[in-house]
Structures are given as structure tokens and as C-alpha cells.
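Side chains are part of it too, since the values below use all heavy atoms of this structure and drop only hydrogens, waters and symmetry mates. Below, read A as the first sequence line, B as the second, and so on, with proteins coming before strands; counting in each chain starts at 1.
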Amino acid sequence: MLCEECQQRQAALHFTKIINGKKEEMHLCEECARDKGEHIPGSNSYSIHDLLSGLLNFEQPMGNSDSYPSRASVPKQLVCESCGLSYERFAKTGRFGCSNCYKAFDPKLDPIFKRVHSGNVRHAGKVPKRAGGRLQIKNQIEKLRKELQHHIEKEEFEEAAKVRDKIRDLNKDIQDGKGDV
Amino acid sequence: MSLQRFISEAISPWMKSGPGPEGDIVLSTRIRLARNLEHYPFPIVASDESANTMLHYTSKELTKDSYPQMGSLELLKMNELSPNQKRVLVEKHLISPHLAEKSLHGAVLLSDDESVSIMLNEEDHIRLQCLFRGFQLNESLVLSNGLDDWIEEKVTYAFDEKRGFLTSCPTNVGTGMRASVMMHLPALVMTQQLNRILPAINQLGLVVRGIYGEGSEALGNLFQISNQMTLGKSEEDIVEDLRGVVMQLIQQERYARDEIMRTSKIQLEDKVFRSFGLLTNSRIMESKEAAERLSDVRLGIDLDLIQGISGNILNELMILTQPGFLQQYAGKGLTPDERDVRRAALIRERMKLEREG
């Protein structure tokens, strides 16, 4: 069997990945496998982390024979401004550095979560009481801000003042009751 | 209480009150929740100072008062324990290997009966674990949920509407929940049915592992079945799906046991009593053999072929004959050969006690 990457040398490495029941096969020669940075199971310790970071690195569905995005072409450095972790580093370690990383890397996360969680990208479970309550208030503030903008644009200053007061009250709520950590 | 007891007894108090629901097949049920705090970097990137602050703050908050009917939690800091003491806690499933070996300012809060463990500065800031004997998914869910609420009253979780509880590893995000059930499935292994069943279980989004978790070998026909998926399903649904599969496995294991008893009782009896003989007489025993023989004897007890021995002996000796425990008892480090001798002696002694008691 020829290597499916270069179509020249004999394929020496045969991978089968089964992810949530979906089977994907790859047949590569040693050179191409090394180039692609694929881990060779058994060659050294191959952990779940390696598998995971392997998943994170595949931007496109496999099987489209010849053009894999190489690691070098990973997009303009996405970096989490809060903890300084780059997307590249995240893809390598398979670990987020802080809660803000989820926001910083958001545009790229859906495909990863889909693969890891059987197609799911949205939380459908428990909402913590306090954090959940604060979220509601935050959402409310967000909505009021838009309203405020709208009133200002239309020069409805009396209305705008009312909305501004509401926002101030809600902000105070957050600070009073739940300002911790 | 304290450290001395946590590391000197193989059987945690929560395991002692008998086998629990479906206890002939299900040894224990566990739920763990991964949680992080807002505003602190996750442990893997945290600086020494930040990890220390987070530990100090959280442990103080969680020991201020106690969860209803639980008593106060005991704090054990990893940097105050010897490597072997940590190993013993790992063998008892009270802490993870990661916390023992790799954490920076790692610690664990343990309840008196050891059914609740809260690891701090593991891969996530907080790893809450509830252990129950037998098959008790609902009870585990209720307790872990209650404790989670109790913790959330004190510290602010990193939570996002869209992604749920934010965790260091993408495989835990959402509910942050891993529910797992430890099963003894000797008949399914003997009749080679398990190899057929396992791929089907994987397809349902569940994972099967050995007794010491990820990457560990299935020793003594003990298997841990747990959910893989944490995002996109509610905690209740995850537990429900797991329950369905475990119920089926229990049923299949019972069928297989009946079938073996019907068609080859004498062969099974022979196997069970040979193992019994080895456990009560051997002078050298490797941990793998010990696990296999203990599994046979446990099956014999469950099928009433052997009387007068508690089924707990499997759980207890599986833990007691791990390297950390053997060294704890010896009071010193042991070479693998020395451990095999100690292990055999300990098992003999324990079996003798059991028969006299």
C-alpha cells in the first residue's frame, strides 16, 4: 500500500482512530508521518493527552487526501490576554490556562468540543445558584446598555437617565451581594 | 482521627457497613465534579504564589463550617506528606496520582468516613469526589450536588452560560462531572463475553477502565465504567445513561454466573478452591496473581461456594496488597521481591483471621 500523503513510498504506519464510534484510517510512510507530527503509538509513551492534542491540531476533517494544514500554518497567534497562554500552546498541551481562555479561543472551540463531546458545544446541565444569578444580572445590564445607547442616539435624555440609574443599581447589586474572591 | 488513620486502614469507614445495593457485582459508585474559581489561573499555569493563595483561601473557606451531617473536613497538604503516605492515599482512591506527584500546593480535604474527598490544586482548583458502596448513583448525585452548592456559597466558580463549568481540560467542560461505577465481572471475562460488550459500551459515550483509572490494567476482573461526555447533557441524563448500561452489565454478569454454575459447576468450584488454597498457603505472591486469586475467591463467596468469609475481603486485600500499603505496614521501603513475600504473608494472615472470626 502506498503512503496516502506522498503517494510514493510504501505506507509503513497504519493508524485507526475511533472517536465516539467514528472510525478514521490513515496509512502513511514514516517520513510523512513524522512531518505531520503524528504520534506513533508505541514509539514512546502515548497518553490520552497526546491523543487529545492530536485532536486539537486537526482543523479539518481527515480523509481529504493530500492537503493537511501543517502546524506551521496555525493562524495568527491567538493569545489569552488574561493568562498569556497562546492557542498554539493550548493545542499542544490540551489544557486551558484560565477561565478567560474559553473566551479568547472561542472561535476555534466548537469543532474541538464537537469531537470530544459527541457533537455537543453547549452546556445543558446545572447552573450554579450564585454565579447563575449574577449571570442573569449581567445579561440584564448588557440589555439595558443597548437600550441606553438607543435612547442617547434618539436624544431621549430623560429615558436615558432612568435606564442609567437601573444599570447603576444592578451593578451595585453585583458588588454588594456577590463581590467576592 | 487524622492522617494516621487515613493511611493505616485499607478499608475506608464508608465501605465497612456491608456490600451495598447490587453489592455482589457493584463494589462502589463514585461521582466527581471538576470546578475552578473565577479570577485565578488554573493550577497548571499558576505561579507558586497564586497556587498558594488559592489553596489558603479555599481551604479556609471550606473548613469554616461543615456540611450538614458530615462533620468537619480534615486538610492534608501534599508537601507535608511522605511519598509513601501519598501513595497509600492514591491506593485508597482518596487522591489522584496527579495530586500526589505533580501538583503545586496541592491538598485534600477528607471527610471523617472518607466518603468525601475534595482535592485542591489538582488539574482543576477543586475536584470534589463522593464515594458510595455498591450501586448508588442517585445518592452520589444528590450528595455531590449538595456539596457543590455548599462550596459555591463560599467561593465563586468559573462558569459560563454557554460552556458550563470551565475546566482546565476540554474533556471535562460543561458539567465537569465524571460518574463511575466499579464492577466485578469475572463471569463475563471467563465466558469471553466482555470483549464483545466493551466496544458497544464505548459507542454509547461511556469508558471502561481498570481499577486505578486512566491507563490502568483491569486487575482482578474489576472494571470502572464511567461517562466520557460532559458537555451537552444534564447531570441527571448522564447518570441515567450510565445506570442503564450498568444495569444491563449486572444482568449479563448474573446470567453468565448462572450459566457457569449450571454447565460447569465442578470446574468453577475447582478454580475457586485452588485460588483459595493459594491465597491461604503461598509464600510469594505478585500483585497480579493476588488480584486474580482474590477475584476467584470473591466469586466463590458470592455464589455461596465458600462460606464464612466476608465479601469485603476482595476490596480490602486489593488495596492492602498494593505497594504503598505494604511499605506502610513494613515501616520501610521494600524491593518488589520483598513486597511479594510480604503480600503473601499478609493475605495468609488475613484469610486465617477471617476463618477464625
### Message
If I measure from the heavy atoms of chain A, does Lys162(B) come under 4.5 Å with its side chain, its backbone, both, or neither?
### Response
both
### Task
Please look at Thr167(B) and chain A and tell me whether the side chain, the backbone, both or neither of the residue comes under 4.5 angstrom of a heavy atom of that chain.
both
### Task
Indicate the atoms forming the closest heavy-atom contact of Tyr102(A) with Arg163(B), along with that distance.
CD2-CG, 4.3 Å
### Summary
Under 4.5 Å to a heavy atom of chain B? For Asp106(A) that would be both
### Summary
The reported gap from CZ in Phe42(B) to OG in Ser99(A) (rounded to nearest 0.5 angstrom) is 5.0 Å
### Query
Of the non-hydrogen atoms in Lys126(A) and Phe165(B), which two are nearest, and what is the gap between them?
O-CE1, 3.6 Å
### Task
Return the minimal non-hydrogen interatomic distance between Met229(B) and Ser118(A), and the atom names on each side.
SD-OG, 3.2 Å
### Task
Would you give the length of the straight line joining atom OG1 of Thr171(B) to atom CD1 of Ile112(A), rounded to the nearest 0.5 angstrom?
12.0 Å
### Message
Looking at His117(A) and Thr230(B), would you say the former's side chain and the latter's main chain have a donor-acceptor pair under 3.5 Å?
### Response
yes
### Message
Using a 4.5 angstrom heavy-atom cutoff, name the option from Pro41(B), Pro43(B), Ser234(B), Pro199(B) with the most pairs to chain A.
### Response
Ser234(B)
### Message
Given heavy-atom pairs under 4.5 angstrom as the criterion, report whether the side chain, backbone, both or neither of Asn145(B) touches chain A.
### Response
both
### Task
Hey, could you give me the OH/CZ distance between Tyr157(B) and Arg130(A), rounded to the nearest 0.5 Å?
9.5 Å
### Query
Among Gly176(B), Ser168(B), Ala46(B), who wins on heavy-atom pairs under 4.5 Å with chain A?
Ser168(B)
### Query
Of the non-hydrogen atoms in Pro170(B) and Phe113(A), which two are nearest, and what is the gap between them?
CB-CE2, 3.8 Å
### Message
Let me confirm one number: the CG-NZ distance from Asp160(B) to Lys103(A), rounded to the nearest 0.5 Å.
### Response
5.5 Å
### Query
Taking the side chain as C-beta and beyond, is there a heavy-atom pair between Leu231(B) and Arg122(A) under 4.5 Å?
no
### Message
I need the minimum non-hydrogen distance between Gly125(A) and Glu235(B), along with the two atoms involved.
### Response
CA-OE1, 3.4 Å
### Message
Given heavy-atom pairs under 4.5 angstrom as the criterion, report whether the side chain, backbone, both or neither of Asn36(B) touches chain A.
### Response
neither
